[in-house]
Structure formats: C-alpha cells, structure tokens
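Presented below is the structure to which this report refers.
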2 protein chains.
Amino acid sequence: MRDFSRSLPMSLLRAREAVMRQFRPKLREQGLTEQQWRILRALAAIEAAEVTELARTAFLLGPSLSRILRDLEARNLIERKTAKADQRRSMVSISKEGVKLMASVAPSSEAIYAEITRRFGARKLAELQEMLGELEQSLAGLGAGDEASAEE
Amino acid sequence: MRDFSRSLPMSLLRAREAVMRQFRPKLREQGLTEQQWRILRALAAIEAAEVTELARTAFLLGPSLSRILRDLEARNLIERKTAKADQRRSMVSISKEGVKLMASVAPSSEAIYAEITRRFGARKLAELQEMLGELEQSLAGLGAGDEASAEE
DNA sequence: GGGATATACTTAACATGTTAAGTGAATGCG
DNA sequence: CGCATTCACTTAACATGTTAAGTATATCCC
C-alpha cells in the first residue's frame, strides 16, 4: 500500500497545521478558537446572516455552529434575532464588542499572513490556492458515496 | 480585511474535506474513524513503534493517540507491550485482526484514491503535493510563537 | 383547512483536537 | 547513593467534528 504519510490527505493536513500553528497563539491570547475567529470574520464582512448561510461561509457543520453561537452570544460578541417573516430562521450579526475584539486581533493576523506569504512566495501561494480550488472542483459531485447511483 | 473564505487556511480546509469525504463512508462501514485508520496504516508498514514515534507518523497529538490506542486495543486491533530496556516506553503493533481489517478496507481505499488521482490528474496531484511540502518547509521553524526571540 | 412533508435549526452522544496537569520510570549529577 | 530533572506517556477538561434524533415553524397539496 502507498506510504500513507505521503498521501494527499496527510499532505493537506500537515500543510494546514503548519499554517494554523502560526495563528493559534495570538487567537488564544484573546480567548478565541480558530472556529470562533472564522465566524467573527465571516460576520464582520456582512450585515447579518442566517445560521445556515453562516455555516456554509465559515465551513462549519450545523451542530458545531450552534454550540459556538451559543457561546459567542453569551460573551456578547454576536447578536441574534429571529427573522420576522420566518420564525425558524435567526439572523446573526457581530456586536460592537465583537468588532472591537476583531480590531484588536486583525493586525497581528494580517502580519502573520503577510509573513507566510513572504516566506512561501506570493506567486506560489496564488498557484497553490488555484490548485486547491481545482481539486475541490474535481471532487464536487463525487459526493459522500450515498446519493445518486448507489450500488446496493 | 481579506475575504477570509479565500484565505489559505480555508482553501486547505475545504480541499482536505473534499478529499476526506470520499473516504469516510467506507471507513465508517468498518467502524473506523479517519484517525484510527491512519494509525492502522502506519502500524501496518512497520513491525512495531513507540507511542511517540507513532504520534509523529500519524500526525496525532499524544492525548488523542492515547485514547485511540486504548480503544483499538480494546477492539483487539492492536497490541502493546512495554519495552524491556525502558519501562516508560510501550511498543505498539498491529494485531492479526487488525491486518485482516486493513485488508478488507484497503482495496476500496486504493480505488477511491485512484479515482481522485484520475479526476484531478496525476501530474497535477504530484505538483500539488510538492507545493504543500514546500509550504510546510517554509514555515518550519517559524514555530508557535513562543520559543526563541519572544518579544515580551 | 388540515395533515403530511420539508425546512431551520438545536440537542444528544461519542470521537478527536488542544492545552495543562498528573504519574511513573529513567538520567544527571553533586 | 540520593535527589532534582527529564522523559514517555496518560488523564483531565473543555471545544469542535460528526452523525442521528429532536423541535418548532413553514409549506404542499388534497
């Protein structure tokens, strides 16, 4: 069998970990996890979003997001209100405190990203992202193996 | 701030998820998680390994590995014995049952990997892996921000 | 209108990720 | 030798990943 440590999943995992390791300490100083930071960033870019939309944007599964939103709300970093038209949906937005917190972390975050870009090379970084996007596209629709054309 | 959904960490995360989504269903059929599968594969390639060595190979943190080994041992998929020379160390190896289980999953796993390779392109896959390795190298030694040259 | 279905979450249960603390066995060294 | 330190794990505690089940509201459609 292939040497699994050279497999694509492991390469992706190690690369991502090498990158995230740069960011985690600064986030941790502010008591934020990587996922919480993703949510705040996603919310900062828009007025408000539904939970499902936010899950798609921040690439989190519903249950994880539910828990994280509960916690972020308790910390007053986000706000929620149920939509008027459809009581099932709730609109989530970042709070003033949330914006302040983001402002305190964003500079470090940007600096780290810049350093990573400098080390790896801006052009190569763009190429890598392009390839990653293509990989994702190649596998889109190949699904989880339990939809169309099931064999049993 | 950058559109975070186009950031390198998100690109890596989405790409890896797109890949892993192909494998998880088959593993699940055998009651294996992705991490358990990594450990079995790592062990299958060698006679025996110390826990620390296995952690490095399977890219798992010690505490995760401790729990997983406990569970795999309970399922008789692996075996452990403490080293004679150093009672702190324990040597882990795959069991006969473990080998059998691997044999039952490996063909599907290989087929899925082949399909991914076919879709994305073998050459591009090699290039991608090369770039991922370089990225990892670029960031090696840039550490977690709390070793040499701490600023405070 | 109203019951079946679908939708938008939330909860539950179990596995792993992550950091800190604990445990027992080796090592360093005065 | 003996005691402090280091080492190789393991446990603990809390957050997220993942799948299944639950809940409340909307929508379909006869």
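Just so it is clear: chains get the letters A, B, ... in the order the sequence lines come, proteins before strands, and each one is counted from 1.
Residue A/Gln87 places no side-chain N or O under 4.0 Å from the OP1 or OP2 atom of C/dA8. Under 4.0 angstrom from either OP1 or OP2 of D/dC9 there lies at least one side-chain N or O belonging to B/Thr52. Contact annotation: B/Thr33 reaches the phosphate of C/dT16 (side-chain N/O to OP1 or OP2, under 4.0 Å). Distances shorter than 4.0 Å separate some side-chain N or O of B/Arg80 from OP1 or OP2 on D/dT10. Taking side-chain N and O atoms only, A/Gln35 has a distance below 4.0 Å to OP1 or OP2 of D/dG17.
For B/Leu61, taking side-chain heavy atoms from C-beta onward, the closest of the listed nucleotides D/dA26, D/dC9, C/dG17 is C/dG17. Relative to the side chain of B/Ser66, the nucleotides C/dA25, C/dT16, D/dT10 differ in distance, and D/dT10 lies closest. Comparing C/dT19, D/dT18, C/dA25 against the side chain of A/Arg24 picks out C/dT19 as the nearest. Of the candidate nucleotides C/dT18, D/dC9, C/dA15, C/dT18 has the atom nearest to the side chain of A/Glu17. Of the candidates C/dA20, D/dC7, C/dT10, C/dA20 carries the atom nearest the B/Pro63 side chain, counting heavy atoms from C-beta on. Nearest to the side-chain atoms of A/Arg28 among the listed nucleotides C/dT19, D/dG17, C/dA26 stands C/dT19.
Nucleotide D/dA15 holds its P atom 15 Å from the CG atom of A/Leu69, rounded to whole Å. Look at CG on A/Leu27: it is 15 Å from C1' on D/dT16, rounded to the nearest Å. In this entry the distance linking CG of A/Asp86 with P of D/dA26 reads 5 Å, nearest Å. With rounding to whole Å, A/Glu73 atom CD is found 14 Å from C/dC9 atom C1'. Rounded to whole angstrom, the span from the CD1 atom of A/Ile39 across to the C1' atom of D/dG17 amounts to 13 Å. Whole-Å rounding puts the A/Arg70 CZ to D/dC14 C1' distance at 12 Å. The interatomic distance linking A/Arg21 (CZ) with C/dT18 (C1') rounds to 13 Å, in whole Å. Between the CD atom of B/Glu53 and the C1' atom of D/dC7 there is a distance of 16 Å, rounded to whole Å.
Annotation: of the two residues near DNA chain C, B/Leu60 and A/Val51, the 5′-most nearest-nucleotide partner is A/Val51. Map A/Ile68 and B/Gly62 each onto its nearest nucleotide of DNA chain D; the residue landing nearer the 5' end is B/Gly62.
For B/Arg88 against D/dC7, a side-chain-to-base donor-acceptor contact under 3.5 Å is present.
Under the 3.5 Å distance criterion, the side-chain polar atoms of B/Thr117 are matched with a main-chain donor or acceptor of B/Tyr113. Of the possible polar contacts, none joining the A/Arg89 side chain to the A/Ala83 backbone as a donor-acceptor pair under 3.5 Å is found. A side-chain donor-acceptor contact under 3.5 Å links A/Gln36 to the backbone of A/Thr33.
For the pair A/Arg118 and A/Glu115, the salt-bridge criterion is met [side-chain N within less than 4.0 Å of a carboxylate O]. A salt bridge links B/Arg24 and B/Glu17; the closest N-O separation between the charged side-chain nitrogens and carboxylate oxygens is under 4.0 Å. Using a 4.0 Å cut-off between a side-chain N of Lys or Arg and a carboxylate O of Asp or Glu, B/Arg123 and B/Glu127 do not qualify as a salt bridge.
B/Arg67 comes within 4.0 angstrom of a base, heavy atoms only. Residue contacts shown for A/Leu65 are absent, as no nucleic acid heavy atom lies under 4.0 Å away. Counting any heavy atom pair closer than 4.0 Å across all strands shown, B/Ser64 reaches a base atom.
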